[in-house]
Amino acid sequence: RGSLVREGYARVLRPALFAARGGDPERIHEDMIRGLALLAAVPGLRDAVGALTRVPGSPVTVAGIRFPGRVGLAAGMDKEGRAAKAWQYLGFAFAELGTVTAQAQPGNPKPRIYRLRDSRALINRMGFNNDGAHALANRLAVAGIVRGNGAAGIPLGVSIGKTKVVPVEDAVGDYLISLRAVAPHADYVAVNVSSPNTPNLRPLQDGGALRTLLTALVGEARELAHGGAPVPVFVKVAPDLSEPQLDEVLAAASDAGCGGVIATNT
């Protein structure tokens, strides 16, 4: 079964994708997401794909969320949640949607994805292109996805970031808008303060600024829960922090009451 999936991808699907759209990686990516959204809507096809990609589970519980396995989809692939119901059929144990921002924004100028064929790799500098947190929340609501109801078949997280045009001194309010929008539909919320593609974002990882931001977000999550269990807040860190910087981040996350740390961003 595994060899069938690998060979089908390597010999049929990948060459077809690479040849499409004049080889434009971003347009191919958009087509793939649309195709996966259609896959999730066709019961016979999605079940057949799910049977091919199903793997033995190794469940783990983190911050009160039961993940059926330990391999999930990172943020950045399905920014708008268009394929939110499809990822379970590709063998993922969870999926993180976004990153979304409080305001819709176009991201960095195109082209912004580059394929390195010899290295079998991609470079991207997308810059948080998205339709906005409220658009994602509306899409999930229409799909019937509400926090904890299992409608996506697997836990769904949502990564939130700072709107590019918002000054860093106003970042807290900007993040709060996104949190309020997505919290009803997310099993956890990831606070992205570490993308390398958004100006003036990484300074939010500094101990004092991060402590203020996370304290506000965790407090708001508790308010939104109305006495119930609040949506867990995770903080996503950069891979190039020094040890003293990492100590500051961990202390800020712990003091604020965050549910966990995502290590690491790109």
Engineer: Among all residues two or more places apart in sequence or in another chain, which pass the salt bridge (Lys or Arg N to Asp or Glu O under 4.0 Å) test with K85?
Structural biologist: none
Engineer: Say you draw a straight line from CD of E30 to CD of E80; how long is it, rounded to the nearest 0.5 Å?
Structural biologist: 10.0 Å
Engineer: Per the ring-ring contact (aromatic ring centres under 6.0 Å, His included) rule, what does the pair list look like for residues 223-244, sequence neighbours excluded?
Structural biologist: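 The answer is Y188-F234.
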Engineer: Apply the hydrophobic cluster definition, ILVMFWY joined by side-chain contacts under 4.5 Å directly or through others, and give me every member besides M77.
Structural biologist: M32, I33, L36, L39, V42, L45, V49, L73, W87, L90, F92, I154
Engineer: Just list the side-chain donor-acceptor pairs under 3.5 Å for residues 117-129, sequence neighbours left out, or say none.
Structural biologist:
| from | atom 1 | to | atom 2 | distance (Å) |
| --- | --- | --- | --- | --- |
| N124 | OD1 | M126 | N | 3.3 |
| R125 | NH2 | P109 | O | 3.4 |
| R125 | NH2 | P111 | O | 3.2 |

Engineer: Does a donor on one side chain sit under 3.5 Å from an acceptor on the other, for S58 and R70?
Structural biologist: yes
Engineer: Return yes if some donor-acceptor pair links the side-chain N/O of S194 with the main-chain N/O of K236 below 3.5 Å, else return no.
Structural biologist: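 Side chain of S194 to backbone of K236: a pair is present.
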Engineer: Which residue pairs pass the ring-ring contact (aromatic ring centres under 6.0 Å, His included) test with at least one member in residues 149-170, sequence neighbours excluded?
Structural biologist: none
Engineer: If hydrophobic residues (ILVMFWY) are linked whenever their side-chain heavy atoms come closer than 4.5 Å, directly or via other members, who joins V5 in its cluster?
Structural biologist: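 Members other than V5 - counting any ILVMFWY side chain reachable under 4.5 Å - are L4, L52.
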Engineer: Can you find a pair of side-chain heavy atoms, one from V182 and one from I160, that are under 4.5 Å apart?
Structural biologist: yes
Engineer: By the ring-ring contact (aromatic ring centres under 6.0 Å, His included) test, which pairs, at least two apart or in different chains, include something from residues 132-168?
Structural biologist: none
Engineer: Taking ring-ring contact (aromatic ring centres under 6.0 Å, His included) as the cut-off, I'd like each qualifying pair that reaches into residues 25-84, sequence neighbours left out, listed once.
Structural biologist: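 Every pair satisfying ring-ring contact (aromatic ring centres under 6.0 Å, His included) with a residue in residues 25-84: F67-F94.
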Engineer: Does any pair with a residue in residues 218-234 pass salt bridge (charged side-chain N to carboxylate O under 4.0 Å, His left out), and if so which ones, sequence neighbours excluded?
Structural biologist: R180-E220
Engineer: Which one of R112, R21, R115 satisfies the salt bridge (charged side-chain N to carboxylate O under 4.0 Å, His left out) criterion with E26?
Structural biologist: R112
Engineer: Which residues satisfy the salt bridge (Lys or Arg N to Asp or Glu O under 4.0 Å) test with R34, sequence neighbours excluded?
Structural biologist: D31
Engineer: Atom CD of residue position E169 - does it have more than 12 heavy atoms of other residues, nucleotides or ligands inside 6.0 Å?
Structural biologist: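 Counting other residues, nucleotides and ligands, CD of E169 exceeds 12 neighbours.
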Engineer: Considering non-hydrogen atoms only, spot the tightest contact between H185 and A181 and give its length.
Structural biologist: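 Answer, listing the atom of H185 first, then A181: CD2-O, 3.9 Å.
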Engineer: Side chains of Y89 and R46: do they bring a donor and an acceptor to under 3.5 Å?
Structural biologist: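 Yes.
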Engineer: Which Ile, Leu, Val, Met, Phe, Trp or Tyr residues join L38 in one cluster when any pair of side-chain heavy atoms under 4.5 Å counts as a link?
Structural biologist: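 Other cluster members: none.
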Engineer: Of all residues at least two apart in sequence or in a different chain, which pass the salt bridge (Lys or Arg N to Asp or Glu O under 4.0 Å) check with D131?
Structural biologist: R82
